[in-house]
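Within every chain, numbering begins at 1; the chains are lettered A, B, ... in the order of the sequence lines, protein sequences first and strands thereafter.
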Amino acid sequence: MSERLTRFFASRWGVILAGAVIGILASLLQAAGNPPNMGICVACFERDIAGALGLHRAAVVQYVRPEIIGFMLGALVAALVFREFKARAGSAPIVRFFLGVFAMIGALAFLGCPWRALLRLAGGDLNAIIGLGGLTLGVAIGVQFLKSGYNLGRSRTTYPAVGWIMPAFMAGLLFLLLFNVKTGESGALFFSEAGPGAMRAAIWISLGAGLLIGFLAQRTRFCTMGSIRDVILMNDTHLVSGVGALLAAAFVTNLALGQVRFGVFGQPVAHSQHLWNFLGMGLAGLAFALAGGCPGRQLFLAGEGDGDAGVFVLGMITGAALAHNFMLAGKPDNVETGLLGGIGPYGMVAVLLGLIVCLVIGFTMREKYS
Amino acid sequence: MAKQVDARGFSCPQPVIMARQAIQAGEFPIDILVETVTSRENVKRAAENLGCQVTVEEMGNEFKLTLSK
């Protein structure tokens, strides 16, 4: 039975099911209170967690998002049930940390991870096409490095406790959230009272959706970066069929819920500064390709015991804090004043710096396989 | 004696890239060692797409995939 289920989830229909469930749940989460075109966004939600812990001071994006906790714990449950939980670590964690930092800086220049880019498109935000173009270019550059021998070295099987650290961290966050911990008037946790951080579905709805998605995604290896990489690297359309299902399912659900509004300027929590949408997602795509997974996939891997993926997640949370503290993140278009949003000069420098760092990593960490 | 490819400890896509390089070299059979179920499924799918027959043997915490044509 278990082996038959494993085979189904590993099939094309398995990954299509996972993509469709993510798309539908994301649209429903938006209807249930999450921010517009942001039913799910791994980068944004990790940024909100960084804010809730007080790692950054952007008061409008602070909340312990239960979806993120659910993703990792759902993947943990799936890995335990199917006996795939395996603690492993030691594949260049310091490199993965900084790839996480710059992936987040790139994603926040665009205002979203690849999942949100798809969800923005499914809500009619045409800027997402430019973002997805940048993502594809970034991944394509990463594929060239992979073809020329880039890798971060082998990981090693290690003590089971190592694999439990990130799930335990998420369980700790859940504890803080459920007991609404507030350590003082100006102490953590910090929750937004206005802005996207204040828009949230009920905890149990968010957590339940996260757990289901985490479970399915762990079984099917759903990965947006991997979908593009596999097409470019070996003409393999397995994962991309799941990504297509996500987009289609979210679009249809959005249509049914009246959540589609086509346009470019003034889309929700988005800006139309095209060059930096493109380069921001290009940076993110390259960093994901070098690290071996999109932000969602890194959470699922961390849930099945991959300590290196956990380090990438911590890098992303740190990157979110840096992005907001140094004013690197994109500002949405302002519909009332008609002012174009986007990133400022520091953000531009950070994105370019990130691209340089990723290129250096790609060029200097190559070996010939024997 | 089968050609050995040790992809243990690598996460995808490296095991798949290593398998493809071995397949393109054209010496069969090829034994590929991987550690995770993900790598097992990915290498199996990639090898079958390239026209190989794949048998899988579970060895403790590892898998040995034997590719033949």
Side-chain angles (χ1 to χ4, degrees), chain A residues 3 6-7 9-12 14-15 79 82-91 96 142-143 146-158 218-221 223 225-226 229-230 232-239 289 291-293 297-298 300-301 304-306 308-309 367-370, chain B:
Chain A
E3 189 60 27
T6 296
R7 228 172 284 147
F9 284 126
S11 73
R12 188 179 293 268
V15 78
F82 287 85
R83 298 173 179 278
E84 283 182 18
F85 183 85
K86 190 172 198 174
R88 50 197 192 272
S91 170
R96 293 176 189 274
V143 167
L146 288 168
K147 278 183 174 172
S148 64
Y150 166 84
N151 73 72
L152 287 179
R154 293 174 201 265
S155 63
R156 286 182 52 197
T157 304
T158 181
Q218 194 280 335
R219 296 315 304 145
T220 59
R221 336 292 180 197
C223 178
M225 181 288 296
R229 178 198 66 202
D230 288 356
I232 299 173
L233 184 64
M234 46 200 173
N235 211 12
D236 179 348
T237 55
H238 176 80
L239 285 174
R297 179 82 183 129
Q298 303 281 357
F300 310 134
L301 283 169
E304 59 176 67
D306 186 335
D308 295 324
E367 65 168 341
K368 287 280 171 222
Y369 303 117
S370 58
Chain B
M1 180 69 187
K3 185 177 174 181
Q4 292 272 342
V5 176
D6 183 2
R8 288 175 298 179
F10 282 119
S11 51
C12 278
Q14 263 83 29
V16 175
I17 295 174
M18 294 163 83
R20 283 168 63 91
Q21 285 179 345
I23 292 166
Q24 278 154 9
E27 283 176 47
F28 292 92
I30 305 164
D31 286 344
I32 300 174
L33 296 173
V34 296
E35 265 182 347
T36 63
V37 179
T38 309
S39 295
R40 181 191 76 189
E41 294 302 320
N42 287 346
V43 170
K44 187 165 180 280
R45 196 172 66 241
E48 285 172 349
N49 286 345
L50 290 171
C52 298
Q53 282 157 356
V54 183
T55 56
V56 181
E57 190 183 337
E58 192 166 346
M59 307 189 311
N61 282 330
E62 304 168 5
F63 303 97
K64 182 169 86 174
L65 290 88
T66 303
L67 277 49
S68 55
K69 267 206 171 172

Partners meeting salt bridge (Lys or Arg N to Asp or Glu O under 4.0 Å) with B:Glu27 (sequence neighbours left out): none
Heavy-atom check, side chain of A:Leu233 versus side chain of B:Ile17, under 4.5 Å: yes
Residue-level interface, residues 50-69 of chain B with chain A, non-hydrogen cut-off under 4.5 Å: B:Asn61
Residue B:Ala22 versus chain A: region with a heavy atom under 4.5 Å: neither
Heavy-atom closest contact (B:Phe10 atom, A:Glu367 atom, distance): CZ-OE2, 4.0 Å
Spacing of B:Gln14 atom CD and A:Leu146 atom CG [to the nearest 0.5 Å]: 6.0 Å
B:Cys12 to A:Arg229 - nearest heavy-atom pair and separation: O-NH1, 3.9 Å
Chain B interface, residue from A:Glu84, A:Arg88, A:His238 that has the most non-hydrogen pairs under 4.5 Å: A:His238
Heavy-atom contact with chain B under 4.5 Å, split by part of A:Arg297: side chain
Part of A:Ser91 lying under 4.5 Å from any heavy atom of chain B: neither
Separation between OG of B:Ser11 and CG of A:Asn151, rounded to the nearest 0.5 Å: 9.0 Å
Summary of salt bridge (Lys or Arg N to Asp or Glu O under 4.0 Å) pairs that have at least one residue in residues 148-158 of chain A, sequence neighbours excluded: A:Arg154-B:Asp6
Atom group of A:Leu301 that falls short of 4.5 Å from chain B, counting heavy atoms: neither
Positions in residues 31-43 of chain B that reach chain A, provided some heavy atom is under 4.5 Å away: B:Glu35, B:Thr36, B:Val37, B:Thr38, B:Arg40, B:Glu41
